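Note sheet for the following structure.
Model, not experiment: these values are computed from the prediction. No hydrogens, no waters, no symmetry mates; every other heavy atom, side chains included, goes into these values.
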Amino acid sequence: MKKHTTTPQTPSRREMLPGWIYLIAELFFLPSLLSAGNRLLPRPLSDAWLNFLFFSLNFLVILLIFHRLLRAGLTVARKDPWNFLVSSAACFVLYWLCAAALNRGILLLDPSFSNANDGSIAAMAGNHYRLMAIGTILLVPPVEECLYRGLIFGGLYRKNRFLAYLLSILAFCAIHVLGFLGTRPPLTLALSALQYVPAGFFLALAFQKTGTVWSPILVHAAINAAAMYSVR
């Protein structure tokens, strides 16, 4: 039986440039533009609806940019479904164990700690649970996995595996705290970013072990589903 490669996919040249451009726009410009535009509306959207609009725009743009990466990823998954399912499940379990241990350590260090991003999502889910669940479970994983695992990790993996892990994890941690700069104490933001290290590592590992971006998408969706279930 032919052994299928598990080298992570690399976005095509047609995907790389627009992918990097959109990553920068998503990080530094799009949230501010949406917030500014929302303030001009006669009846501004609530935070939950504004976030859902952000999730939806990201999702549509990522499908447009990375449709080749996503289509090729399905082909890879179909070639070795057993490896895809087992590796994805293993990475989710290992993530959960590491995250639980890390969270326990953080609470020992700071018993009053509350993750800034998680608190924001929980607050919005209070009045718009289904909306936030759809956004975080279905729309967010393909976006973040195409950008942070497909674009950054996949683009660097063949050149430097350690750098691929390091930069993709750092970028993944940063995206979850950038919006709270200046609104939370530095220690809170540092600990909030630290909480995303296990996810950043095991999502990249799932990508490496299966060779398809659909594995970290699946694991990411499971992580977010568990988080949303905990705030019901």
- Task: With sequence neighbours excluded, tell me which residues meet side-chain hydrogen bond (donor to acceptor under 3.5 Å, both in side chains) with Gln195.
- Result: Asn103, Asn115
- Shortest non-hydrogen contact from Ile62 to Pro142? CG2-O, 3.9 Å
- Query: Do Leu170 and Phe162 share a hydrophobic cluster, counting only Ile, Leu, Val, Met, Phe, Trp and Tyr and linking them when any side-chain heavy atoms are less than 4.5 Å apart?
  - Reply: yes
- Consider only side-chain heavy atoms of I, L, V, M, F, W and Y, link residues closer than 4.5 Å, and tell whether Leu203 and Val86 are in one cluster. no
- Message: Using only atom types and a distance under 3.5 Å, with no angle test, would you say the side chain of His67 pairs donor to acceptor with the backbone of Leu64?
- Response: yes
- Query: How about Leu178 and Leu181: do any of their side-chain heavy atoms sit closer than 4.5 Å?
  - Reply: yes
- Here the gap from Ser12 atom OG to Phe66 atom CZ, rounded to the nearest 0.5 Å, amounts to 8.5 Å
- Pairwise side-chain contact, Val143 with Leu139, heavy-atom cut-off 4.5 Å (strictly under): no
- Does the side-chain contact (heavy atoms from CB on, under 4.5 Å) test come out yes or no for Tyr95 and Ile223, once each step is laid out? CA-CA 9 Å; Tyr95 154 78; Ile223 291 172; 3.6 Å; yes
- Message: Ring-plane angle category for Phe52 and Trp49, please: parallel below 30°, perpendicular beyond 60°, tilted otherwise.
- Response: perpendicular
- Item | Any side-chain heavy-atom pair of Phe180 and Leu189 under 4.5 Å | yes
- Does Ala227 offer a backbone N or O that forms a donor-acceptor pair with the side chain of Ser230 under 3.5 Å? yes
- side chain to side chain contact (heavy atoms under 4.5 Å, CB included) against Ile24, all qualifying residues, sequence neighbours excluded: Phe28, Phe29
- Task: Rounded to the nearest 0.5 Å, what's the gap from CG on Asn117 to CZ on Arg184? Could you check?
- Result: 9.5 Å
- Task: Please assess Leu27 against Ile175 for the test side-chain contact (heavy atoms from CB on, under 4.5 Å), listing each intermediate value before the final yes or no.
- Result: CA-CA 7 Å; Leu27 282 173; Ile175 187 60; 2.9 Å; yes
- Between Val219 and Ala206, what is the shortest heavy-atom contact and its length? CG2-CB, 4.4 Å
- Do you know the tightest heavy-atom contact between Asn83 and Thr210? ND2-CA, 3.7 Å
- Task: Mind checking side-chain hydrogen bond (donor to acceptor under 3.5 Å, both in side chains) for Arg158 and listing every partner two or more places apart, or none if nothing turns up?
- Result: Thr10
- Query: Are the side chains of Leu57 and Leu34 in touch, meaning some heavy atoms are under 4.5 Å apart?
  - Reply: yes
- Task: Can you spot which of Phe153, Tyr157, Phe172 makes a ring-ring contact (aromatic ring centres under 6.0 Å, His included) with Tyr165?
- Result: Phe153
- Item | Joint cluster assignment, Leu85 & Phe202, ILVMFWY side-chain distance < 4.5 Å | yes
- Query: Can you pull the salt bridge (charged side-chain N to carboxylate O under 4.0 Å, His left out) pairs that have at least one residue in residues 38-54, sequence neighbours excluded?
  - Reply: none
- Do Leu138 and Ile217 belong together in a cluster built from hydrophobic side chains that touch within less than 4.5 Å? yes
- Are any of the side-chain heavy atoms of Phe55 and Leu53 separated by less than 4.5 Å? no
- Ser192 versus Ala116, closest heavy-atom pair with distance: OG-N, 3.3 Å
- Query: Going only through I, L, V, M, F, W and Y residues with side-chain contacts under 4.5 Å, is there a path from Leu17 to Tyr22?
  - Reply: no
- To the nearest 0.5 angstrom, please state how far the CD atom of Glu144 sits from the OG atom of Ser168. 12.5 Å
- In sequence, state the C-alpha distance, the side-chain angles, and the governing distance for Leu70 and Val213, and then conclude on side-chain contact (heavy atoms from CB on, under 4.5 Å). CA-CA 7 Å; Leu70 292 166; Val213 73; 4.0 Å; yes
- Query: Could you give the distance from CG (Leu69) to CH2 (Trp214), rounded to the nearest 0.5 Å?
  - Reply: 9.5 Å
- Note on the structure: Distance col, row Arg68:CZ vs Gln9:CD, nearest 0.5 angstrom, shows 13.5 Å
- Check Ala125 against Met228 and note the closest heavy-atom contact, atom names and distance. CB-CE, 4.0 Å
- Output all residues satisfying side-chain hydrogen bond (donor to acceptor under 3.5 Å, both in side chains) with Asn51, sequence neighbours left out; order by chain, then residue number. none
- Item | For Ser46, all residues meeting side-chain hydrogen bond (donor to acceptor under 3.5 Å, both in side chains), sequence neighbours excluded | none
- Message: If we ignore hydrogens and angles and just use 3.5 Å, is the side chain of Tyr148 paired with the main-chain N or O of Cys173 as donor and acceptor?
- Response: no
- Message: Is there a side-chain contact between Ile121 and Val231 in this structure, where contact means two heavy atoms from C-beta onward sitting under 4.5 Å apart?
- Response: no
- Message: Run the side-chain contact (heavy atoms from CB on, under 4.5 Å) test on Ile152 and Leu23 for me, step by step, so that the C-alpha distance in whole Å, both residues' side-chain angles and the decisive distance to 0.1 Å come before the verdict.
- Response: CA-CA 10 Å; Ile152 299 178; Leu23 175 60; 4.0 Å; yes
- Note on the structure: So CG of Leu187 and CG of Leu109: to nearest 0.5 Å the spacing works out to 6.5 Å
- Query: Which pair of non-hydrogen atoms, one from Leu163 and one from Asn160, has the smallest distance, and what is that distance?
  - Reply: N-OD1, 2.8 Å
